[in-house]
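The chains referred to below are lettered A, B, ... by the order of the sequence lines, with proteins before strands, and numbering in each begins at 1. Keep in mind that this is a model prediction, so the values were computed, not measured.
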Amino acid sequence: MTSPNGPPPESQPDKSENDSPPPRLNFIQEIVEDDLRTGKWGGRVHTRFPPEPNGYLHIGHAKSICLNFGLALKYGGLCNMRFDDTNPSKEEEEYVQSILADIRWLGFGWDDRLYFASDYFEQLYDWAVQLIQAGKAYVCDLTPDQVREYRGTLTQPGRESPFRNRSVAENLDLFARMRAGEFPDGARTLRAKVDMASPNVNMRDSVMYRILRATHHRTGDAWCIYPMYDFTHGQCDSIERITHSICTLEFENHRPLYDWFIESLGIYHPQQIEFARLNLTYTVMSKRRLLELVTGKHVSGWDDPRMPTLAGLRRRGYTPESIRLFCERIGVAKFNSTIEISQLENALREDLNRRAPRVMAVLRPLKVVIDNYPAGKTELLEAVNNPEDPAAGSRQVPFSRELYIEDDDFREVPPKKYHRLSPGVEVRLRYGYLVTCTSVEKDPQTGQPTVVHCTYDPATRGGNTPDGRKVKGTIHWVSAGEALKAEVRLYDHLFKTENADEVPPGGSYLQNLNPDSLVVATALVEPSLATAKAADFFQFERQGYFVVDQDSRPGALVFNRSVSLRDTWAKIEKKA
RNA sequence: UGGGGAAUAGUGUAACGGUAGCACGAGGCGCUCUGGACGCCUUAGUCUAGGUUCAAAUCCUAGUUCCCCAGCCA
């Protein structure tokens, strides 16, 4: 059976008749499958999503959430929810609630496995004592400046702290007194006794505990010392018996330290795997900057529909399905990459195309009068709700002598390849009638068209052409008498450059904010929208996908544009 | 002559010594009561230089470029 590396056989022996698509696994799924095969963790897959509650979740977190919860789902394992809340000066209950809500909205759950690093403070303290007893940790009196100085540089080794060789007894006493609140904030730290000459600066006697009097969102004032992330994270994963501790690339340098703690403590040792965080064009992703956009009032809040936060995307009209689809498509790797925002937008279009009810709405209204249509008459015409989904049925839309069409759907002098309305040209009013433009009234001052006059062909009711004739253009419209006014918020990219950081020396990314990222217009929408509720989504035919904003009220509808439809005409026109 | 990572079409991501494929983008055609959707086609890639091999994106050697690390942040 076995043969040396010979030439490949002519035919593919392994190809089965019904060739199922090859399983395209990312490198983490491969590790998990390998582990499952070898029984490394006894067949268990247990991950966790461990955010710090110091800000809102963004699309980058969604990648990690989909990865961690997705792995558990795919391999019949579990994924814990855990907050890394070791720095009370930055963390707030508001953030834990928003984070939990966002993850649920995304479609993931954790049953009763909601944990907090702060739940483990007592255990962490005991482990710190254990390391002191083992001679592997010491209380250090150096000031922050001195610590930095003693640490050395990236190219030069550090020097040992003069407090490094205190006795176990003294360390035990001092550490107990740190906890008891005998020393002021920042006066001392507990440090790991590792190696001040290590080329990895994380190993140069990393700080384990600092004295910090701040009220913790969960433990209140019970503690005045708090463990550092580095002394916390790995042990939390250990306590929860996590199998695969998935984190982002920047923690790769910390892995030896985590390993050192866990080995020194002799406790369960999860496997850490690092992947590249998500970057997107035309936006920023760091928590610092998102916070800055909010506090600097550059956006209306964490849930501003221009923000890449999950709260913002949700309000923008992004669906959980579209975000999950996006995360699946971008893959997972160790290469620092920047995904084009069109990839995200396309995932939304793909989801909404299938599901969004179609509706007619005129964003920039231009009046049309059908001169040969009886005044005062209104008839109801049937419109298909979703051509992608026959089960969605149809609805009635009113039609009358006076209508509004999209300003852009009429040109007095049509450019080449323009298929819409212009003098002498016949177009179809979608689900209505075929109409021909006979004349146009214009504003004497500006020359802008104010009223377009047409005649209609009564034989084309419903938009049909019994004689089989073709029209090049089909445009949308609303009946003047029945249309509803609605506020529409037309959103565009938050930044005008792909890379927000592309600024002249000394400049700020804020200079790249797109001044047109929000344009508000008053639209006229068909009356069926009267009862639309917040979060309902629609396709405004030929325009884009819109969602009802939370600000919307009956009689004062507000729609957010989630994403526009692909616009081939815009491309043609741009080229000309 | 600090350490740790990473390099595949424009952007991402597969191919695990044996036909470099997929998605998005871009360009074109068809179809269409949405210039949408859908279908078809085209464009375009293994960081560089050597080496091993019948065969290299994959293995080896050397180089290049990019990212991360000197918080009592996470």
Which part of the nucleic acid, if any, lies within reach of [X] when heavy atoms closer than 4.0 Å are counted: base, sugar-phosphate only, or nothing?
X: A:P387; value: base
X: A:T568; value: sugar-phosphate
X: A:T189; value: base
X: A:Y418; value: base
X: A:I341; value: nothing
X: A:T153; value: base
X: A:Y226; value: nothing
X: A:T143; value: base

Matching residue for A:E250 among A:R255, A:K334, A:R277 - test: salt bridge (Lys or Arg N to Asp or Glu O under 4.0 Å): A:R277
Minimum-distance nucleotide (side-chain atoms of [X] versus [options]):
X: A:N346; options: B:rA70, B:rG35, B:rC24; value: B:rC24
X: A:R151; options: B:rG25, B:rC73, B:rA70; value: B:rA70
X: A:N26; options: B:rG27, B:rA14, B:rA37; value: B:rA14
X: A:K417; options: B:rC72, B:rG35, B:rG12; value: B:rG35
X: A:K90; options: B:rC73, B:rU13, B:rC69; value: B:rC73
X: A:L154; options: B:rC69, B:rA74, B:rC24; value: B:rC69
X: A:K575; options: B:rG27, B:rC24, B:rA74; value: B:rG27
X: A:Q343; options: B:rG12, B:rC24, B:rG71; value: B:rC24

Between [X] ([atom1]) and [N] ([atom2]), how many Å, whole number?
X: A:W477; N: B:rU34; atom1: CH2; atom2: P; value: 15 Å
X: A:R349; N: B:rG35; atom1: CZ; atom2: P; value: 15 Å
X: A:F163; N: B:rC72; atom1: CZ; atom2: P; value: 16 Å
X: A:D351; N: B:rA37; atom1: CG; atom2: C1'; value: 14 Å
X: A:L257; N: B:rG4; atom1: CG; atom2: C1'; value: 14 Å
X: A:I339; N: B:rG25; atom1: CD1; atom2: C1'; value: 13 Å
X: A:F335; N: B:rA14; atom1: CZ; atom2: P; value: 12 Å
X: A:K334; N: B:rU8; atom1: NZ; atom2: P; value: 16 Å

Is there, by distance only and without an angle test, a donor paired with an acceptor across the side chain of [X] and the base of [N] below 3.5 Å?
X: A:N336; N: B:rC66; value: no
X: A:Q539; N: B:rU34; value: yes
X: A:N200; N: B:rG4; value: no
X: A:R420; N: B:rG35; value: yes
X: A:R358; N: B:rU34; value: yes
X: A:E388; N: B:rG36; value: yes

5'-most by nearest nucleotide on RNA chain B - A:D567 or A:D230: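 The residue whose closest nucleotide sits nearer the 5' end is A:D567.
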Residue mapping more 5' on RNA chain B - nearest nucleotide basis, A:E541 or A:K63: A:K63
Base orientation of B:rG30, syn vs anti, 90° cut from 0: anti
Check: A:Y318 ring centroid to A:Y545 ring centroid under 6.0 Å: no
Pair A:H216 + A:F121: ring centers closer than 6.0 Å: yes
Short side-chain donor-acceptor distance under 3.5 Å, A:E91 and A:N54: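 No pair is found: no donor N or O on one side chain lies under 3.5 Å from an acceptor on the other.
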A:H476: partners by ring pair (Phe, Tyr, Trp, His ring centres under 6.0 Å), with sequence neighbours left out: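 Counting only residues at least two positions away or on another chain, A:H476 forms no ring pair (Phe, Tyr, Trp, His ring centres under 6.0 Å).
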Should [X] and [Y] count as an ion pair when the cut-off is N to O under 4.0 Å?
X: A:E388; Y: A:R355; value: no
X: A:R166; Y: A:D141; value: yes
X: A:R151; Y: A:D205; value: no
X: A:E52; Y: A:K90; value: no
X: A:R354; Y: A:D389; value: no
X: A:D407; Y: A:R364; value: no

Secondary structure string for RNA chain B (Watson-Crick or G-U under 3.5 angstrom, | for other-strand pairs): .((((((..((((....[..)))).(((((.......)))))....(((((..]....))))))))))).....
Spacing of CG belonging to A:N464 relative to OH belonging to A:Y433, to within rounding of 0.5 Å: 10.5 Å
Side-chain N or O of A:T474 closer than 4.0 Å to phosphate OP1/OP2 of B:rU32: no
Under 4.0 angstrom between A:K571 side-chain N/O and B:rG36 OP1 or OP2: no
Aromatic stack A:H419/B:rG35: centroid gap under 5.5 Å, interplanar angle under 30°: yes
Inter-nucleotide C1' distance (B:rA57, B:rA6), Å rounded: 15 Å
Pairwise C1' distance for B:rU65 and B:rU48, with rounding to whole Å: 10 Å
Plane angle bin for A:F399 and A:Y456 - parallel if under 30°, tilted between 30 and 60°, otherwise perpendicular: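 If you compare the ring of A:Y456 with that of A:F399, the planes turn out tilted.
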Nucleic acid contacts - residues 203-214 of chain A versus RNA chain B, non-hydrogen atoms under 4.0 Å: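 Hits under 4.0 Å, by residue number: A:V207, A:R210.
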